[in-house]
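Some notes on the structure that comes next.
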2 protein chains.
Amino acid sequence: METPTLSRRDRERLMRRRAMLDAALVVFAQKGYEGATLDAIAERAEFGKGTIYNYFPDGKEEILFALFDEMFGGIATLIQTHFEEEAHQSQHAREAFRDLIARLLNHFTENRETFFLLIKEAQRLMLTQHDHVATLHRRRDRTIDALVAPIEHAIEKGELRAFPPQVIAHMLMGNVKGYLMYAHSECHPEDTHEFASLDEAAEFITSILFDGLLPRD
Amino acid sequence: METPTLSRRDRERLMRRRAMLDAALVVFAQKGYEGATLDAIAERAEFGKGTIYNYFPDGKEEILFALFDEMFGGIATLIQTHFEEEAHQSQHAREAFRDLIARLLNHFTENRETFFLLIKEAQRLMLTQHDHVATLHRRRDRTIDALVAPIEHAIEKGELRAFPPQVIAHMLMGNVKGYLMYAHSECHPEDTHEFASLDEAAEFITSILFDGLLPRD
DNA sequence: TCACTAGGTGACTGGCTGGTCATTTGGCGA
DNA sequence: TCGCCAAATGACCAGCCAGTCACCTAGTGA
């Protein structure tokens, strides 16, 4: 994973690109894609606007898709590494997925901007006719695909009911996103129920998803 | 529910307002709020742009919030009337909610634009700091509130596990939205599993939500 | 020290769009 | 038929912003 043979030039180039992407993520997450201005991104990254075009010749949209790439890549990696860990290979599916859900909640809590980008922009774009929607779907499907194998495995072991794995994967991710959406409605905290910790929240989501809402006798 | 004492003038006024809202809904759903132009809305509604300001003095945003009003109102009404019907009062919770889910799927399928507006814009706005976010939350909570009473009732009858009703309500709506999002990913139909009918899809969602993913012995 | 160049910069531009308002239209009462 | 007024209209304006490019800077090698 190291990048040993990289000239100072190239390293600096990468650093600058990084800085631009970091700045853009924050601005996009705050203002949304349309509401974000390149001037704001440039200012936050401490570059002139023109410089950004040296790194992202196609401008605003290229930056957005670079961020999507990183975002979905990050999620897919998180899922893959989770299931590669031996601990979770011997676990019962319910526990393995509960731990995964906890990790995902953690990931999105620590990377709040990533979560906002996912909800506000990726979601919106995927329901829009747009040249790059197909690309976007492919990126997202990497995260779904990372889930399918473990789900299939669990079904074979008889630890999961035999629904289409794709669909289960979507439901799982959907419920994590849904829970976080709910947790962010803290604008009017009177009504909202809050969990003490992310682990507790993960156990709750898992319980709904795996045990179901019906009382088990 | 009739409007008997309304002058022709007033009736025409309402008709025009309606036409504008209908046009705006389609344009917003297609292009998104930022991408939609008043010119496009005006053209679709077959009015001059200036005329729109006679009906919505505060312009674009007022139109958007009027649409949100109708949207959440419609969903809340659907839920309320569903549980007011005698048939569902005697049913077991699982069946009553399955039928509700089927109705919701139907509603969003028949009003595809409403669904897009909900996903693309309401979702986005609710995660944004904005003067009217509180208003928006209140509107959405009408739909949640309509669910809370039946859920509490079901819990009392021992037909549902005793989770916080608010949270269950959110999960339920979230799963309906999530399923529809998934069903709309039909861009690349190779992978996606499709249900033969909305009723079947409703039964599937219900089964996940109520019975859980674990095999029941 | 100087010439060269890679690349950073931000003033500028062209296109777009929300909102305005002077003008037109048409319905209605006299 | 005429005059009046409420309401419709769309040309116009002002502000905004993505993207450009002529200029500048600082690092380098001779």
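A, B, ... follow the sequence lines: proteins, then strands. Residue 1 opens every chain. Only a predicted model underlies this, so the values are computations on that prediction, with no experimental measurement involved. The basis for the numbers below is simple: all heavy atoms, side chains too, and nothing from hydrogens, waters or symmetry mates.
- No salt bridge links Arg103(A) with Asp99(A); every basic N to acidic carboxylate O contact stays at or beyond 4.0 Å.
- Protein atom CG of Leu14(B) is 13 Å distant from nucleotide atom P of dA7(D), rounded to whole Å.
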Between the protein and nucleotides 27-30 of chain D, which nitrogen or oxygen pairs are less than 3.5 angstrom apart?
residue, atom, partner, partner atom, Å
dT28(D), OP1, Arg8(A), NH2, 2.9

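- Contact annotation for Phe56(B): no contact, since no heavy-atom pair falls under 4.0 Å across all strands.
- Ring geometry, Tyr182(B) versus Tyr179(B): the interplanar angle falls from 30° to 60°, so the pair is classed tilted.
- Not one side-chain nitrogen or oxygen of Thr37(A) sits closer than 4.0 Å to the OP1 or OP2 atom of dC17(D).
- Residue Ala40(A) is out of contact with every strand shown, counting any heavy-atom pair closer than 4.0 Å.
- Here Tyr53(B) lies in heavy-atom contact (under 4.0 Å) with a base.
- Side-chain atoms of Lys60(B) and base atoms of dG19(C) include no donor and acceptor less than 3.5 Å apart.
- By the 4.5 Å heavy-atom criterion applied to side chains, Phe115(A) and Thr109(A) are not counted as neighbours.
- Rounded to whole Å, atom P of dG19(C) lies 19 Å from atom OH of Tyr55(B).
- Between Glu121(B) and Arg124(B) there is a salt bridge, since at least one side-chain N of the basic residue sits less than 4.0 Å from a carboxylate O of the acidic one.
- If Gly50(A) and Gly35(A) are placed on DNA chain D by their nearest nucleotide, the residue sitting closer to the 5' end is Gly35(A).
- The listed nucleotides are dG8(C), dT9(D), dG18(C); the one nearest the side chain of Leu38(B) is dG18(C).
- Straight-line distance from the CD1 atom of Ile41(B) to the P atom of dG10(D): 16 Å, rounded to whole Å.
- Cation-pi contact between Arg13(A) and Tyr55(A): present, with separation from the ring centre below 6.0 Å and deviation from the ring axis of at most 45°.
- Out of dA11(D), dA11(C), dT9(C), the shortest distance to the side chain of Lys49(A) is found at dA11(C).
- Put simply, CD on Glu12(B) is 8 Å from P on dC28(C), counting in whole angstrom units.
- Rounded to a whole Å, the CZ atom of Phe47(B) is 11 Å from the C1' atom of dA7(D).
- dC16(D) atom C1' lies 10 Å from atom CG of Asp39(A), rounded to whole Å.
- Proximity of Arg16(A) to the phosphate of dG8(C): a side-chain N or O atom is located under 4.0 Å from OP1 or OP2.
- Between Asn54(B) and the phosphate of dA7(D), there is no side-chain N or O to OP1/OP2 separation shorter than 4.0 Å.
- At distances below 3.5 Å, at least one donor-acceptor pair connects side-chain atoms of His82(A) with backbone N or O atoms of Ala96(A).
- Rounded to an integer number of Å, the gap from Glu61(B) CD to dG18(C) P is 12 Å.
- In this structure, CD of Glu43(A) is placed 14 Å from C1' of dT9(C), rounded to the nearest angstrom.
- The environment of CD in Glu43(B) is sparse: at most 12 heavy-atom neighbours from other residues, nucleotides or ligands sit within 6.0 Å.
- Ionic pairing of Lys120(B) and Glu34(B) is not present here: no N-O contact between side-chain nitrogen and carboxylate oxygen is shorter than 4.0 angstrom.
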